[in-house]
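Structure, as structure tokens:
Letters go in sequence order (proteins before strands), and every chain restarts at 1.
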Protein chains: 2
Amino acid sequence: MGIIRKTKSLKRVLDTFQKSDAAISVVQLIDNMKHHMNKTTVYRILDRLKQEGIVHSFHGKDGLKWYAKCSDHSSHQNTDTHPHFHCNHCGAVECLPIDIQIPDIPNLQISSAEVILAGICSKCNP
Amino acid sequence: MGIIRKTKSLKRVLDTFQKSDAAISVVQLIDNMKHHMNKTTVYRILDRLKQEGIVHSFHGKDGLKWYAKCSDHSSHQNTDTHPHFHCNHCGAVECLPIDIQIPDIPNLQISSAEVILAGICSKCNP
DNA sequence: AAATTTAATGCAACTAAATTGCATTAGCAA
DNA sequence: TTGCTAATGCAATTTAGTTGCATTAAATTT
């Protein structure tokens, strides 16, 4: 399993993630790629990239699915609990390289966390 | 504006929230109510209950919309940042009465946070 | 308690995200 | 260059959520 063939489509999507640290929504990516590949292909490429630990996914504050590349050091950023920040002004979403401290809750075994923060990013906040 | 009429449908939905602290997904609620009202009505009643500060909404780890009643003391639980816990075993979702500490990030103005935790709840974890 | 007003509902049609089945295409190894 | 099959394109489908409009039923007034 995993990525077996380096197709043009795959390279094109991969390029998007390698050129920028920013997260991108599936909807946006499909639109960006619409002249080059089918939306089904985008979905399937994202699945493969995720399986390979190259990107991770999360749900934005609107419930839509977003993807971002995993940071270089941890190739399994899908399992850790770094938060995602959504700028309410420009719409950009970025991974924050910090760890949110989840307090121990009695009687609960917490194994994962998804944290979506929203506000104004540095570019929009002079 | 707000809730003006106490209709049978509204009372029925309200009952669901008053009988239990558990959160419920819209999809589940529509199914529970399917013999009593239309799905459009469920959506609209949830909107009204939210406007009134009786319930709050959030997106579950699957991206679906969930609702839960606001705790009695704070009638604006929609604005605070309590986390929601999703049991991977039984599927139940509950509000956690704690505050997650979001660290200050340089250059970011954070105005809201949505925290979804997942793991095993007390009932499923003997 | 009948008449009136309009919030609330039901229903069908619609939008948009995501998935599936299947025929076709194109990596890549032999 | 050939053969295998992963990957793709495309159309159809599923599902969450929304919208417009005619009808119904709370609540208010007479």
Side-chain angles (χ1 to χ4, degrees), chain A residues 1-17 23-68 78 84 86 91 93 114 116, chain B residues 1-17 23-68 78 84 86 91 93 114 116:
Chain A
M1 70 208 76
I3 295 172
I4 304 193
R5 296 183 186 179
K6 287 241 165 190
T7 64
K8 288 178 187 175
S9 298
L10 184 126
K11 282 183 212 159
R12 197 162 232 134
V13 171
L14 204 48
D15 241 42
T16 302
F17 288 105
I24 186 169
S25 71
V26 178
V27 173
Q28 181 67 57
L29 189 58
I30 286 172
D31 195 63
N32 291 358
M33 297 289 153
K34 70 181 166 198
H35 298 303
H36 304 292
M37 72 193 75
N38 192 270
K39 67 172 177 170
T40 312
T41 303
V42 175
Y43 278 110
R44 291 193 274 224
I45 286 176
L46 289 172
D47 282 348
R48 273 181 276 152
L49 290 178
K50 186 177 174 181
Q51 267 201 345
E52 289 297 300
I54 295 168
V55 301
H56 60 285
S57 70
F58 56 95
H59 292 276
K61 59 174 187 150
D62 47 4
L64 293 191
K65 214 165 185 186
W66 289 68
Y67 282 83
N78 2 13
H84 294 98
H86 192 135
V93 173
E114 211 174 271
I116 306 293
Chain B
M1 70 206 77
I3 294 172
I4 305 194
R5 295 183 187 179
K6 287 242 166 190
T7 63
K8 287 180 187 173
S9 298
L10 184 127
K11 283 183 211 159
R12 197 163 233 134
V13 171
L14 204 49
D15 240 43
T16 303
F17 288 104
I24 185 168
S25 71
V26 178
V27 172
Q28 180 67 58
L29 188 59
I30 287 172
D31 194 64
N32 290 0
M33 296 290 154
K34 71 182 167 198
H35 298 302
H36 303 292
M37 71 193 75
N38 191 271
K39 68 170 177 172
T40 310
T41 303
V42 175
Y43 279 110
R44 291 194 274 225
I45 286 176
L46 289 173
D47 282 347
R48 273 180 276 152
L49 291 178
K50 186 179 173 180
Q51 268 201 343
E52 289 296 302
I54 295 166
V55 302
H56 61 284
S57 71
F58 56 95
H59 291 277
K61 58 172 188 154
D62 48 3
L64 293 191
K65 214 164 186 187
W66 288 68
Y67 283 82
N78 0 16
H84 294 98
H86 191 134
V93 173
E114 212 173 272
I116 306 293

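The shortest distance between the side-chain N/O atoms of A:Ser9 and the OP1/OP2 oxygens of D:dT8 is below 4.0 Å. For the OP1/OP2 pair of D:dA7 and a distance below 4.0 Å, the side-chain nitrogens and oxygens of A:Arg48 include at least one atom meeting the criterion. Close to D:dG9, at under 4.0 Å from its OP1 or OP2, lies a side-chain N or O of A:Thr41.
If you measure from atom CG of A:Asn38 to atom C1' of D:dA11, you get 10 Å, rounded to the nearest angstrom. In this entry the distance linking CG of A:Leu10 with P of D:dT8 reads 7 Å, nearest Å. Note: CG (B:Asp62) to C1' (C:dA17) measures 14 Å, nearest angstrom. Rounding to whole angstrom units, NZ of residue A:Lys6 and P of C:dG27 are separated by 13 Å. The interatomic distance linking A:Asp47 (CG) with C:dT19 (P) rounds to 7 Å, in whole Å. In this structure, B:Lys11 atom NZ and C:dT9 atom P are separated by 12 Å, rounded to whole Å. The OH atom of A:Tyr43 sits 19 Å away from the P atom of D:dA7 (whole-angstrom rounding). In this entry the distance linking CG of A:Leu46 with C1' of D:dT8 reads 15 Å, nearest Å.
Residues A:Asn32 and A:Ile24 meet the side-chain proximity criterion, which asks for heavy atoms closer than 4.5 Å. Two residues are said to be in side-chain contact when any heavy atoms from C-beta on lie closer than 4.5 Å; B:Val26 and B:Ile30 meet this criterion. Side-chain contact between A:Leu46 and A:Phe17 is present, with at least one heavy-atom pair separated by less than 4.5 Å. Counting heavy atoms from C-beta outward, A:Arg5 and A:Arg48 have side chains that stay 4.5 Å or more apart.
The heavy-atom pair separating B:Ser57 from B:Lys65 by the smallest distance is OG-CE, 3.7 Å. Of all non-hydrogen atoms in A:Ile45 and A:Leu10, the two that sit nearest each other are CD1-N, 3.6 Å.
Across all strands, B:Thr40 comes closer than 4.0 Å to base atoms (heavy-atom distances).
DNA chain C lies under 4.0 Å from at least one heavy atom of each of the following residues of residues 26-37 of chain B: B:His36, B:Met37.
Inter-axis angle, ends of the helix from C:dA1-D:dT30 to C:dA30-D:dT1, five pairs per end, rounded to 10 degrees: 30°.
Proximity note for A:Arg44 (side chain, C-beta onward) versus C:dA8, D:dC10, D:dA7: the nearest is D:dC10. Relative to the side chain of A:Arg5, the nucleotides C:dC11, C:dA26, D:dG9 differ in distance, and C:dA26 lies closest.
Remark: the backbone N or O of B:His59 is paired with a side-chain donor or acceptor of B:Glu114 at under 3.5 angstrom.
Relative ring orientation between A:Trp66 and A:His86 is described as perpendicular, the plane-to-plane angle rising above 60° on a 0-90° scale split at 30° and 60°.
Within the model, atoms CE of A:Met33 and CD of A:Gln28 stand 10.0 Å from one another, a figure rounded to the nearest 0.5 Å.
There is no side-chain donor-acceptor pair under 3.5 Å between A:Gln51 and A:Asp47.
Each of B:Lys8 and B:Lys39 was assigned the nucleotide of DNA chain C with the nearest heavy atom; the assignment lying further toward the 5' end belongs to B:Lys8.
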